[in-house]
Amino acid sequence: MPATALLRAAFIGFGLLALVGPWAAAAAQAGPPAGIAAYACREGSALHLLAFDPAPGRQAWGHLGGQAEAGETPARTALREFHEESNCAFGDLSGVQADLVGPSVAPGRSGFHTYGLRLPFVPAAQIAQPRRCADVERNQWVWVDHDELQQALDSPQVVLKTADGEPSQVVLWNAARLALLQARRDGVLPVRDPCR
């Protein structure tokens, strides 16, 4: 191939790369982190599902969520992360996107998107049962009473008594507490017990 043809091909290739490159980079970028503040009704009152986050610097409890994958919407991220972090105990959640309440966007750099969702009650011991679930990042789950959670949101470092699961008391991770506070302000996390 003559040198001029090679230069022309290279010029065209770089021109296309310049046009396509920004689009491809934008498509590959992941969206904001997101999660679900899930609750279930049991015996006339709401219980909220929390999971232990063992990551360094966290090592406390919060609602389930995490990082987006490339091309995901925040709602899709929230559903995928909840599915993975709840050990797939609630089955396929792809049909519940219309039932999501929110999002509430937490202030700060991460812009964590919190959605609310009512689910059927599944005991914490049953959530912990071995399953063939990919990417399970949590291994401890508890349900806490709605009023207990509301008190913990208003007072940092308040110990919550659990209604189901072990341990019998947990402390919220501060970033989770702040995201849930914002969700309450935005109406995603109800102030009053939604099951009464």
Side-chain angles (χ1 to χ4, degrees), residues 16-40 48-120 122 124 126-144 149 165 170 172-189:
L16 287 173
L17 183 60
L19 289 173
V20 174
W23 174 81
Q29 285 181 344
I36 294 179
Y39 74 93
H48 295 269
L49 183 63
L50 302 177
F52 182 73
D53 189 338
R58 295 180 186 167
Q59 298 179 347
W61 297 79
H63 58 301
L64 289 65
Q67 298 299 317
E69 292 179 354
E72 273 186 330
T73 65
R76 185 68 208 130
T77 298
L79 288 167
R80 178 186 51 76
E81 284 287 338
F82 183 85
H83 182 67
E84 293 170 0
E85 293 193 357
S86 66
N87 196 23
C88 306
F90 295 89
D92 181 17
L93 297 174
S94 60
V96 301
Q97 187 163 338
D99 298 330
L100 291 176
V101 177
S104 168
V105 181
R109 291 182 305 150
S110 79
F112 191 93
H113 285 54
T114 299
Y115 293 85
L117 182 63
R118 179 179 172 172
L119 292 168
V122 175
Q126 189 175 335
I127 295 171
Q129 293 296 312
R131 290 183 182 74
R132 293 186 181 184
C133 185
D135 300 322
V136 178
E137 299 167 1
R138 308 288 180 254
N139 62 9
Q140 283 183 284
W141 299 268
V142 296
W143 292 92
V144 297
L149 180 61
V170 298
L172 285 176
W173 174 44
N174 194 51
R177 185 177 83 66
L178 295 175
L180 289 169
L181 266 174
Q182 186 64 47
R184 184 173 70 182
R185 282 187 213 106
D186 294 340
V188 170
L189 179 69

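Note: hydrogens, waters and symmetry copies are ignored here, and every other heavy atom, side chains too, is used. What you see is a predicted model; the values in this text were computed from it and never measured.
In this structure, CD in E81 is found 8.5 Å from CG in D135, a value given to the nearest 0.5 Å. Taking CG of L180 as the reference point, atom CZ of R185 lies at 11.0 Å (rounded to 0.5 Å). For the atom pair CD1 of I36 and CZ of R118, the computed distance is 15.5 Å after rounding to the nearest 0.5 Å. Considering OG of S86 and CG of L93, their distance stands at 6.5 Å, rounded to 0.5 Å.
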Quiz prompt | Worked check of side chain to side chain contact (heavy atoms under 4.5 Å, CB included) between L119 and L49 | solution = CA-CA 10 Å; L119 292 168; L49 183 63; over 6 Å; no
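At a threshold of 4.5 Å between non-hydrogen side-chain atoms, the residues W141 and L64 count as touching.
Residues A68 and P32 share a closest heavy-atom pair of CB-O, 3.6 Å. Listed here is the closest heavy atom pair of A37 and T114: CB-CG2, 4.0 Å. Between G165 and A124, the shortest heavy-atom distance links the atoms CA-CB, 3.6 Å. Of all heavy-atom pairs spanning P74 and H113, the tightest one is CB-CD2, 3.6 Å.
Not a single donor-acceptor pair under 3.5 Å links the side chain of W61 to the backbone N or O of A176.
Every residue two or more places apart in sequence or in another chain that forms a salt bridge (charged side-chain N to carboxylate O under 4.0 Å, His left out) with R80 is listed here: E69, E72, E84. In terms of the ring pair (Phe, Tyr, Trp, His ring centres under 6.0 Å) criterion, W173 has no residue partners (sequence neighbours excluded). Every residue two or more places apart in sequence or in another chain that forms a side-chain hydrogen bond (donor to acceptor under 3.5 Å, both in side chains) with H48 is listed here: H146.
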Under 3.5 Å, side-chain donor or acceptor atoms of residues 95-109 against the rest of the protein: list the pairs with distances, not counting sequence neighbours.
from: S104; atom 1: OG; to: Q182; atom 2: O; distance (Å): 3.3
from: S104; atom 1: OG; to: A183; atom 2: N; distance (Å): 3.3
from: S104; atom 1: OG; to: D186; atom 2: OD2; distance (Å): 2.7

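A ring-ring contact (aromatic ring centres under 6.0 Å, His included) with H63 is found for one member of Y115, Y39, F112, W143 and no other, namely F112.
Annotation: disulfide bond (SG atoms under 2.5 Å apart) contacts involving residues 48-106, sequence neighbours excluded, comprise C88-C133. Residues in residues 85-97 take part in these salt bridge (Lys or Arg N to Asp or Glu O under 4.0 Å) pairs, two or more places apart or across chains: E85-R138.
Relative ring orientation between F90 and F82 is described as tilted, the plane-to-plane angle lying within the 30° to 60° band.
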